[in-house]
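Reading through the C-alpha cells given below for one structure.
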Amino acid sequence: AALRGADVAVNLHGRGPQSHRLLLDTAPGRLVAFGCSDVSVGDPQWRADEHEVLRWCRLLAESGIPADPAALDIDVPAYGVPPRLRGCTVIHPGAAFRARQWPAERWADVAGAELAGGRTVLVTAAAAEADLVRAVVDAVSAPEPAGAGDGRPVLESLVGADIATFAAHVAAAGRVLCADTGVAHLATALRRPSVVLFGPTPPALWGPPADRREHVVLWKGRTGDPLADEPDRGLLDIGVPEVVSAAAALDQRAGEPSGRPHVRLP
C-alpha cells in the first residue's frame, strides 16, 4: 500500500505485460515503460535486435529524460584489496544459467596458463557457486605451490563477497576473464581489460561497447537458449588455447586505436 500513487514508476524488467500490470496496479502518476498493446501502453517501441545499453537509454530519451549510452564508467576505490592481488587475473567461471557456463576444467587450464605466465589468479563467485570455484581451484595444475610472501604468483579465491568488495577486487585487477554475465559489464564500467566468452547470445546484444579496445569477445556465431540447463554448444566450441591467446593479447590491444570490438568468429 505504501507504494501506491508514486509520481513515476519505471519498468526495467522488460516489455511486459505482466510487469507493466504490476506497476499500473500501484496507480502511478506516470509509467515509463516500453510499449505494450496488451495493457494499452504506447511508445517507445521495443526492438528485439537492440543492444541492451542502447535500449534502456532510448527508453529514457524517448520519455524526455536525457541519457548518454557512452556514460558507462563508475569509480570504485580498490579498498581492502591485498597488495598481492593488485594487478591479478580475475577468473569468474559462473553465470546465472548453465547455458553460459564454460566448463570448470577449462577455466582451470586457463588459470594454470596465467600462473605459468607469472600472473596471480583470483577465482571469484557468488556464495551459491562455491563448489564451482572449488572445482576450478582443485583442478589447476601449477608448476609448484604458490606462496604469498615469496614473489611467486598466487592462486586464491573470493566467494560470496558483497558487491562493493567484489567490485573493488575487479577494479584492482589487471584483467578479467569470464563468460557473458554481470562481471563482464562490471569490467566494462571499470575499464578493466577483459576476455568475455559468448555462447547462446550474440555479443552485439550484450557485449562491451565498440569503442573500448581493452575488451575481447569470443563467439562462434551460433545462437541458442540462454536459459538452458546445459552449456551452449557454441560456448563449448571455444577452446582453451583461444582464451589463453586472447588473454595474452590484452596488454597489446589496450593501446590500439578504437574501433570494433575484437570478435573471434569461426
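What you see below is based on every heavy atom in this structure, not just the backbone, and it leaves out hydrogens, waters and symmetry mates.
Environment of CZ in R106: crowded, with over 12 heavy atoms of neighbouring residues, nucleotides or ligands closer than 6.0 Å. Within a 6.0 Å radius of CG in D7, no more than 12 heavy atoms belonging to other residues, nucleotides or ligands are found. By the neighbour-count criterion of 12 heavy atoms within 6.0 Å, atom CZ of R86 is densely surrounded, having more than that number from other residues, nucleotides or ligands. For CG of D138, the number of neighbouring non-hydrogen atoms (other residues, nucleotides, ligands) closer than 6.0 Å is greater than 12. Within 6.0 Å of CG in D75 there are 12 or fewer heavy atoms belonging to other residues, nucleotides or ligands.
Between K220 and E242, at least one side-chain N (NZ, or NE/NH1/NH2) sits under 4.0 Å from a carboxylate O, which counts as a salt bridge. Taking 4.0 Å as the cut-off between side-chain N and carboxylate O, E214 and R192 do not count as a salt-bridged pair. A salt bridge links D73 with R212: at least one charged nitrogen is closer than 4.0 Å to a carboxylate oxygen.
L218 has its side chain out of reach of V196: every pair of non-hydrogen atoms, C-beta onward, lies at least 4.5 Å apart. Looking only at side-chain heavy atoms (C-beta outward), F34 and E62 stay at 4.5 Å or farther from each other. Inter-residue side-chain proximity for P200 and T223 is flagged as unmet; no heavy-atom pair is nearer than 4.5 Å. Using a 4.5 Å heavy-atom cutoff, the side chains of V8 and V32 are in contact. In this structure the side chain of V217 reaches within 4.5 angstrom of the side chain of P208, judged on heavy atoms. With a 4.5 Å cut-off on side-chain heavy atoms, D180 and W102 do not count as touching. Residues V123 and E156 fail the side-chain proximity criterion, which asks for heavy atoms closer than 4.5 Å. Here the side chains of H92 and T124 are in contact, with some heavy-atom distance below 4.5 Å.
The closest donor-acceptor contact from the side chain of H215 to the backbone of V195 lies at 3.5 Å or more, if one exists at all. Using a distance-only test at 3.5 Å, with no hydrogens or angles considered, no donor-acceptor pair links the side chain of E114 to the main chain of V121. Within the 3.5 Å criterion, the main-chain N or O of G199 finds a donor-acceptor partner in the side chain of W219. Put simply, the side chain of S63 gets close to the backbone of L59: a donor and an acceptor are under 3.5 Å apart. Within the 3.5 Å criterion, the main-chain N or O of L31 finds no donor-acceptor partner in the side chain of H20. A donor-acceptor pair is defined here as one N or O able to donate and one able to accept, closer than 3.5 Å; such a pair exists between the side chain of T188 and the backbone of A184. Proximity of a side-chain donor or acceptor of R58 to a complementary backbone N or O of Q45 within less than 3.5 Å is detected. Formation of a donor-acceptor pair under 3.5 Å by the T120 side chain with backbone atoms of V154 is found in this model.
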Stepwise side-chain contact (heavy atoms from CB on, under 4.5 Å) check, T89 with L177: CA-CA 7 Å; T89 296; L177 313 180; 3.7 Å; yes
Please report the C-alpha distance between L186 and F166 in whole Å, then the side-chain angles of each, then the deciding distance to 0.1 Å, and finally whether the side-chain contact (heavy atoms from CB on, under 4.5 Å) criterion is met. CA-CA 10 Å; L186 190 56; F166 178 69; 3.8 Å; yes
Assess the residue pair V136 and V133 against the criterion (side-chain contact (heavy atoms from CB on, under 4.5 Å)); give the C-alpha distance rounded to whole Å, side-chain angles, the decisive distance to 0.1 Å, and a yes or no. CA-CA 5 Å; V136 173; V133 167; 5.8 Å; no
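Centroid-to-centroid, the aromatic rings of W206 and H185 come within less than 6.0 Å.
Side-chain heavy atoms closer than 4.5 Å link hydrophobic residues (I, L, V, M, F, W, Y) into clusters, and following such links, possibly through other members, connects V170 to L158. L235 and L132 are members of different hydrophobic clusters when ILVMFWY side chains are connected at heavy-atom separations under 4.5 Å. Under the 4.5 Å side-chain heavy-atom criterion for ILVMFWY residues, a single connected hydrophobic cluster contains both V76 and V90. Note on V137: it clusters hydrophobically with V240, by side-chain heavy-atom contacts below 4.5 Å among ILVMFWY residues. Criterion: ILVMFWY side-chain heavy atoms under 4.5 Å apart, direct or through other members. Under it, V176 and I238 are not part of a common hydrophobic cluster.
In this structure, CD in Q18 is found 8.5 Å from CG in D38, a value given to the nearest 0.5 Å. The OG atom of S157 sits 7.5 Å away from atom CG of L122, with the distance rounded to the nearest 0.5 Å. Here the straight-line distance linking atom CG of L22 with atom CG of D25 works out to 6.5 Å at 0.5 Å rounding. One finds the CZ atom of R21 at 14.5 Å from the OG1 atom of T26 (value rounded to the nearest 0.5 Å). In this structure, SG on C57 lies 11.0 Å from CD1 on I65, to the nearest 0.5 angstrom.
Nearest heavy-atom pair, P226 versus G224, reported as atom, atom and distance to 0.1 Å: CD-O, 3.2 Å. Of all heavy-atom pairs spanning V81 and A168, the tightest one is CG2-O, 3.6 Å. The two residues A127 and V159 have their closest heavy-atom pair at CA-CG1, 4.0 Å. Residue A135 comes nearest to A104 through the heavy atom pair CB-CB, 4.1 Å, listed as atom of the first residue, atom of the second, then distance. The two residues G94 and T181 make their nearest non-hydrogen contact at O-CG2, 3.8 Å. Here the shortest heavy-atom pairing between A167 and L190 reads O-CD1, 3.7 Å.
Between L23 and the options V41, L3, N11, a side-chain contact (heavy atoms from CB on, under 4.5 Å) holds for only N11. P231 pairs in a side-chain contact (heavy atoms from CB on, under 4.5 Å) with only one of the listed residues (R100, Q101, R98), which is R98.
Ring geometry, W46 versus W56: the interplanar angle exceeds 60°, so the pair is classed perpendicular (tilted spans 30 to 60°).
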